[in-house]
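Accompanying notes for the structure given below.
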Amino acid sequence: METNSLEADFRPDSNDTEKNLAAANTAIVIGAGFGGLASAIRLAARGIRTTVVDRLDIPGGRAAEFTRHTAGKTFRYDAGPTVLTAPILFEELFTLLGERLGDHVELMPVKPWYQMQFVDGSHLDYGGSTEQIQAEIAKFSTADAAAYPAYLAHSKKLFEKGYEELGTQPFLNWRAMARALPAMARLRADRSVYAVTARYFKHEHIRRAFSIQPLLVGGNPFDTTSIYSLIHYLERKWGVWFVRGGMARLVDALVALATRHGVQFVWNAEVAAIEVENGLASGVRLRDGRTFAADNIVCNADPGYVLTRLLPDGHRKVDAIKKKQYSMSLFVWYFSTDITYPDVAHHTILFGATYREVLRKIFDTLELPEDLSIYLHRPSATDPACAPPGHDAFYALVPVPNLRSDIDWTTVADTFKAALQATLEQRTLPGLGQHIVDEFHVTPEYFSKELLSPWGAGFSITPTLMQSAGFRFPNRSATIPNLYFAGAGTHPGAGVPGVVTSAKVVERLMFGSVQ
């Protein structure tokens, strides 16, 4: 069996005190998504010699970039996240290592944050100042416009408690959860996001516009705890931003930052097993036989996958994913056109005719929706260089049931894509079929096979009340004290801010505080 140089240099040797001291200062991070990269950078800032292993050949995980060469042109597509809503989290990572985010990437404001389009032809430009948002709401209801400040104040209270106070706190036992319960009860965390929105707004279009945010982190607005209504205030506080050149440029900048400060990256390195000796994680074994030893391991892979597939008997939790409710999955169509659509916003959310009904099909009965709700991303609205001159590049995302359904994507994908294309052509991209010059799509099978997400879920487990904070997968193993978890399935949750914040929780667990 081949032994990697990290193992040769740093595996503990009982006959060599110097090597033992070195081994106590090493870590392996499994996965180079935002959670893994943030964890690696925080470990490097603590002086920990860190190696990141990833089964893919490029970094980013869900935030990777697809590059295609068609008809002599290069088309690039951000695979997943399309905006930053808390850039301060990335500024912190660069500051930890004595650098500045702004020296490496340019953040561009997105305006409007989202354009919400309804089947009756009306639309709402979501985002901006209080006055701008009230003016948009007033197009539908003056009473709802007057109620907006009260809604914003409630969102702020949720943000202060759920994000600022509890977001970086570990929840490893019932005591930690018990301390948080009184505040959660006062804020009525038992209510859903939609229920809270409905308390302030009466017009159904406005209720939809201000309750759809849980879908961006894998939740059904009718089931997701109202704590996630904090997302609106988070957007107001720090704005909504795009990275010039695409979100993958931020991934590249993080990899480069980590590399400059000693983090090693190993690509095409799929972990077959986490090795455990004397009750502690001692390293990882790859499918190609290589081994890496370290003193601590941080998993950016989905905890459900790790707990059921990578651990030895006695630590493997075969029922871990059976007892969890996993999020919906996604059908994402990536395409480019040989014309531009200058009137289309950076983000357009096209609501279908129904709302509660289509979400019930996706989350509960696991049926493929016919009434499509679509998240359309046109990055060249903010950064024209995201597409070749005279072209536009898009992705259209549709929430669909995860693989707990009996949907056979090998037989329905093309038909589903055709329906998606027809809807877009009818509602917002006229003549689309005549101008497509590059296209491909991914189904829930991509999330399952390429990203190793149980059931092909797009966002790990759903953010219901009973799967939030201490009810999510813990940030540290219950049986292996030096095995940690960062990412969408852990506390505080999915979405870029939650995933990056989970690295802070890991740091707090390791060192007792965050820098």
Side-chain angles (χ1 to χ4, degrees), residues 6 9-10 21-54 59-61 63 84 86-105 107 163-164 167-170 172 238 243 247-267 281 283-284 292-301 475-477 481-488 490-492 496-515:
L6 181 67
D9 290 344
F10 295 103
L21 291 173
N25 203 36
T26 61
I28 293 169
V29 176
I30 302 173
F34 276 135
L37 294 174
S39 297
I41 289 167
R42 289 187 172 276
L43 289 169
R46 292 281 190 171
I48 305 300
R49 181 162 179 175
T50 303
T51 296
V52 179
V53 297
D54 196 293
L84 289 183
I88 188 173
L89 294 170
F90 293 96
E91 292 168 358
E92 286 177 0
L93 295 176
F94 280 82
T95 300
L96 287 174
L97 294 174
E99 300 193 31
R100 294 180 62 252
L101 173 67
D103 292 337
H104 303 281
V105 298
L107 300 186
Y163 183 85
E164 291 188 320
T168 62
Q169 298 299 318
L172 297 182
W238 287 308
V243 179
M247 294 292 288
R249 302 291 75 76
L250 177 58
V251 172
D252 293 341
L254 292 172
V255 171
L257 172 68
T259 301
R260 286 193 298 273
H261 294 273
V263 176
Q264 297 179 9
F265 289 87
V266 184
W267 309 112
V284 300
F292 292 79
D295 199 51
N296 291 286
I297 295 177
V298 180
C299 296
N300 189 209
N475 298 90
R476 186 174 65 201
S477 167
N482 63 335
L483 176 62
Y484 301 88
F485 294 93
T490 63
H491 174 67
V496 174
V499 166
V500 176
T501 299
S502 70
K504 285 188 176 185
V505 181
V506 169
E507 183 183 12
R508 186 180 296 277
L509 286 169
M510 282 189 181
F511 301 101
S513 63
V514 291
Q515 298 188 82

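- Between Val263 and Ala44, the closest heavy-atom pair is CG2-CB, 3.8 Å.
- Proximity of a side-chain donor or acceptor of Asn296 to a complementary backbone N or O of Ala27 within less than 3.5 Å is not detected.
- Looking only at distances, no side-chain donor or acceptor of Asn300 sits under 3.5 Å from a matching main-chain atom of Leu37.
- For the side-chain contact (heavy atoms from CB on, under 4.5 Å) criterion with Phe94, the lone passing option out of Leu254, Asp103, Val105 is Leu254.
- Scanning all heavy atoms of the two residues, the minimum distance from Arg249 to Asp252 falls at NH2-OD2, 2.8 Å.
- Looking only at side-chain heavy atoms (C-beta outward), Phe34 and Leu89 stay at 4.5 Å or farther from each other.
- In this structure, Thr490 contributes its side chain and Ala486 its backbone to no donor-acceptor pair below 3.5 Å.
- In terms of heavy atoms, Gly487 sits closest to Ser502 at N-OG, 2.9 Å.
- The backbone N or O of Arg49 lies less than 3.5 Å from no partner atom in the side chain of Thr26, so there is not a single donor-acceptor pair.
- At least one donor-acceptor pair closer than 3.5 Å links the side chain of Arg508 to the backbone N or O of Thr168.
- Of the possible polar contacts, none joining the Asn475 side chain to the Val505 backbone as a donor-acceptor pair under 3.5 Å is found.
- The two residues Pro170 and Leu509 come nearest to each other via the heavy atoms CB-CD2, 3.5 Å.
- For Pro59 against Trp267, the heavy-atom pair with the smallest separation is CB-CH2, 3.4 Å.
- Proximity of Val243 to Leu107: side-chain heavy atoms (C-beta onward) are separated by under 4.5 Å at one or more points.
- A donor-acceptor contact shorter than 3.5 Å links the side chain of His491 to the backbone of Gln169.
- Val29 is linked by a side chain to side chain contact (heavy atoms under 4.5 Å, CB included) to Ala40, Leu43, Thr50, Val52, Val298, counting only residues two or more places apart in sequence or in another chain.
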